[in-house]
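Proteins get letters first, then strands, A, B, ... in listed order; numbering begins at 1 in each.
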Number of protein chains: 2
Amino acid sequence: MKTKEVATKYQISADTLRYWEREGAIPPVRRDAAGYRDYDEEDLDWVSFAKCMRDAGVSVEYLIEYIELFKQGNTTLQARKDLLREQMDTIAKRLAEIQETYDKIQNKVAHYETHVENYHGKLSV
Amino acid sequence: MKTKEVATKYQISADTLRYWEREGAIPPVRRDAAGYRDYDEEDLDWVSFAKCMRDAGVSVEYLIEYIELFKQGNTTLQARKDLLREQMDTIAKRLAEIQETYDKIQNKVAHYETHVENYHGKLSV
DNA sequence: GGTTGCCTTTGACTCGACTCAAAGGTTTAT
DNA sequence: ATAAACCTTTGAGTCGAGTCAAAGGCAACC
């Protein structure tokens, strides 16, 4: 699978794909005879992983760290697990925060329904 | 309440507070005789609103738009409500996305428990 | 009355994460 | 066989969102 195809499939720009690889946020991708990237199943898994994590707000730097550990082989299994757990905690917090904001806005919108003046109310009702 | 106090209270830098106001992401704050900002209850509500929204990933630009509408008075009530609803949709999507990633990582971590090799598995199990 | 610690503005700087442009090689369709 | 549509690298540019530094004003304690 070539760059643009992958880009389309995962809704990422080709530039971003190359950028991630350049930075080490995904491992180096296989190349064909012409030197063109040719993503195999495993490469796609890494792309999918990176996209997921980025979408959840995980920094590129974290991804690089993870790949770094992966490259060092099976002695880093525990470290990688720890890194993922750490990210899970962060994501969980973000999730809760966003949920909270969501509820508050919902409340605010509900107030708009009833208060038909020059409304500006608190978020925390 | 003075700038630093507010900054501490909401875990924002004083610079950010001034930046938001400068950009119009919150309305102008009352000043004391010396020209120092003195946040009253309503100002604090706006700060809290801005922080909430920013934390949920809403752009400063959106906040500016909202404040713009607010300044224009009660003819913009519907527009403001629409804007908030739009943001709610976006936030809801983000929420779902993050939740999905969270579940996937959880799964991945679980796999680490059982697969004790040079593990790298798919996110989607 | 001086030092410390706030406060102000203005304008420049940083940082992360892309994004684009230039210059050029390959492959596919006509 | 030539154009269109890909691909490559390198290096520079952009963009959002702060963040910092300079230069100076007020305020309170010792």
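Asp15(A) pairs by the side-chain contact (heavy atoms from CB on, under 4.5 Å) definition with Ser13(A), Arg18(A), not counting sequence neighbours. In this structure, Asp38(A) has no side chain to side chain donor-acceptor pair (under 3.5 Å) partners at least two apart in sequence or on a different chain. In this view, Asp40(A) and Arg30(A), Glu42(A), Asp43(A) satisfy the side-chain contact (heavy atoms from CB on, under 4.5 Å) rule, not counting sequence neighbours. Not counting sequence neighbours, the partners of Leu95(A) by the side-chain contact (heavy atoms from CB on, under 4.5 Å) test are Leu95(B), Ile98(B), Gln99(B). For Ala34(A), the side-chain contact (heavy atoms from CB on, under 4.5 Å) partners at least two apart in sequence or on another chain are Asp32(A), Tyr36(A). Considering only residues two or more places apart in sequence or on other chains, Trp46(B) meets the ring pair (Phe, Tyr, Trp, His ring centres under 6.0 Å) condition with His120(A), Phe49(B), Phe70(B).
The separation between Glu23(B) atom CD and dG16(D) atom P is 10 Å, rounded to whole Å. Whole-Å rounding puts the Arg18(A) CZ to dT8(D) C1' distance at 7 Å. Asp55(B) has its CG atom 20 Å from the P atom of dG16(D), to the nearest Å. Between Lys4(A) atom NZ and dA5(D) atom P the separation is 9 Å, expressed in whole Å. Look at CD1 on Ile12(B): it is 13 Å from C1' on dA17(D), rounded to the nearest Å.
A 4.5 Å side-chain heavy-atom check between Thr101(B) and Lys51(A) finds every atom pair outside the cut-off.
Smallest separation of non-hydrogen atoms from Arg54(B) and Ser59(B): NH1-CA, 3.9 Å. Shortest non-hydrogen contact noted between Leu69(A) and Thr76(A) is O-OG1, 2.7 Å.
Rounded to 10 degrees, the angle separating the terminal helix axes of the helix from dG1(C)-dC30(D) to dT30(C)-dA1(D), each built from five base pairs, is 0°.
Listed in residue order, the members of residues 24-39 of chain B having a heavy atom less than 4.0 Å from DNA chain C are Arg31(B), Gly35(B), Tyr36(B), Arg37(B).
Distance alone, capped at 3.5 Å, places no donor-acceptor pair between the Ser48(A) side chain and the Leu44(A) backbone. Under the 3.5 Å distance criterion, the side-chain polar atoms of Arg85(A) are left unmatched by any main-chain donor or acceptor of Val109(B).
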Considering only nitrogen or oxygen atoms on both sides, find all protein atoms under 3.5 Å from nucleotides 19-21 of chain D and state each distance.
from: dT19(D); atom 1: OP2; to: Thr16(B); atom 2: OG1; distance (Å): 3.4

Could you give the side-chain donor-acceptor pairs of residues 60-68 of chain B under 3.5 Å, partners two or more places apart or in another chain?
from: Tyr62(B); atom 1: OH; to: Glu86(B); atom 2: OE2; distance (Å): 2.4
from: Tyr62(B); atom 1: OH; to: Gln87(B); atom 2: NE2; distance (Å): 3.4
from: Tyr66(B); atom 1: OH; to: Tyr112(A); atom 2: OH; distance (Å): 2.4

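Along DNA chain C, the stretch of nucleotides lying under 4.0 Å from any heavy atom of chain A spans, 5' to 3', dA17(C) to dT27(C).
Screening residues 20-29 of chain B for salt bridge (Lys or Arg N to Asp or Glu O under 4.0 Å), with sequence neighbours left out, gives Glu21(B)-Arg31(B), Glu21(B)-Arg37(B).
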